[in-house]
Amino acid sequence: FLAIEEEIYELLKRHLLHQDVIIVHNMATLIHNLPFLSAFKRFSADHPEKKIIIWAHDQTYVDEEQIKWEKDGVNLSPEQKTLLVTPIPGATYVAISQTFKKLLKEVMSLSDESVVVIPNGLNFKRFFHLSEHAWHAIQDEHILVSYPLLFSPVNILQRKNLLYSLEV
């Protein structure tokens, strides 16, 4: 563990030293790479000037919208568990919903202001500038929960013009 952690720490120093903002996606909240987490916590402590964003849509002890301290296949030592649930000082945590924010705050003892919510996905109605009529048709036909197949006539369009293809 310590040898891998040291190797990762040296790589972090080499690759992140000149970065102002560092976004870590899920690696600070899951058990899959604890040597990375240890090295990253060390790096962030050595570089408090860095803006750290921890993007989390999963946490090892959050499952089915509840905290589960005992989970099959998760057998961490007290030190590993502490490493996983202790927040990185000064980091901003991003949760994908208010529900996940509440659970993340509880499992990691985070303050309310250290966690922001950025919903997972797009607001399709706003993104595609859909009218109320089109939006109701999409909802009535359950299109957003389906797996539609989109066919595009790119092979018959000049230079495979995708924007024109989408309009067609």
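What you are looking at is a predicted structure, and each value in this text was computed from that prediction instead of being measured.
A distance of 7.0 Å separates NE2 in His47 from NZ in Lys13, rounded to the nearest 0.5 Å. Taking CG of Leu37 as the start and CG of Leu30 as the end, the distance is 10.0 Å to the nearest 0.5 Å. To the nearest 0.5 Å, atoms CG (Leu34) and CD1 (Ile4) are separated by 11.0 Å. The distance from the CZ atom of Phe40 to the CD atom of Glu5 is 13.0 Å, given to the nearest 0.5 Å. Distance CD/Gln139 to CG/Leu130: 10.0 Å, rounded to 0.5 Å. A distance of 11.0 Å separates NZ of Lys102 from OG of Ser97, quoted to the nearest 0.5 Å.
Heavy atoms only, all atoms of each residue included: Pro35 and Phe1 are closest at N-CE1, 3.5 Å. The minimum heavy-atom distance linking His25 with His57 is given by the pair NE2-NE2, 3.0 Å. Scanning both residues, Ser109 and Pro87, for their nearest heavy atoms gives O-CG, 4.3 Å. Of all the heavy atoms in Leu110 and Val115, the pair that sits closest is CD1-CG2, 3.8 Å. Contact between Ala28 and Ile54 at its shortest, heavy atoms only, is CB-CG2, 3.7 Å.
Side-chain contact between Asp46 and Tyr9: present, with at least one pair of heavy atoms (C-beta onward) separated by less than 4.5 Å. Leu84 is listed as a side-chain neighbour of Gln59, based on a closest heavy-atom distance under 4.5 Å. Phe43 is listed as a side-chain neighbour of Leu16, based on a closest heavy-atom distance under 4.5 Å. Residues Phe100 and Val94 form no side-chain contact, since every pair of their non-hydrogen atoms from C-beta on lies 4.5 Å or further apart.
Environment of CD in Glu141: sparse, with no more than 12 heavy atoms of neighbouring residues, nucleotides or ligands closer than 6.0 Å. The environment of His133 atom NE2 is sparse: at most 12 non-hydrogen atoms of other residues, nucleotides or ligands sit within 6.0 angstrom.
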- Query: What do the steps show when you test Met108 against Thr29 for side-chain contact (heavy atoms from CB on, under 4.5 Å), and what is the final call?
  - Reply: CA-CA 9 Å; Met108 295 188 71; Thr29 55; 4.1 Å; yes
- side-chain contact (heavy atoms from CB on, under 4.5 Å) between Glu79 and Thr82, intermediate numbers included: CA-CA 5 Å; Glu79 296 82 12; Thr82 298; 5.7 Å; no
- Task: Please lay out, stage by stage, how Asp112 and Lys105 fare under the test side-chain contact (heavy atoms from CB on, under 4.5 Å).
- Result: CA-CA 7 Å; Asp112 192 60; Lys105 282 174 38 184; 2.9 Å; yes
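Side-chain atoms of Glu6 do not come within 3.5 Å of backbone N or O of Ala3 as any donor-acceptor pair. A donor-acceptor contact shorter than 3.5 Å links the side chain of Tyr93 to the backbone of Ile88. Without hydrogens or angle criteria, Lys50 side chain to Ala45 main chain gives no donor-acceptor distance under 3.5 Å. One N or O on the side chain of Ser44 and one on the backbone of Lys41 form a donor-acceptor pair closer than 3.5 Å.
Put simply, Val116 and Ile23 are part of the same group of oily side chains (I, L, V, M, F, W, Y) that touch within less than 4.5 Å, one to the next. Each of Leu17 and Val21 belongs to its own hydrophobic cluster when Ile, Leu, Val, Met, Phe, Trp and Tyr are linked at side-chain heavy-atom distances under 4.5 angstrom. Placement of Phe128 and Trp135 within a single hydrophobic cluster is found when ILVMFWY residues are connected by side-chain heavy-atom separations under 4.5 Å, directly or transitively.
Residues Thr92 and Lys51 bring a donor and an acceptor atom of their side chains to less than 3.5 Å of each other.
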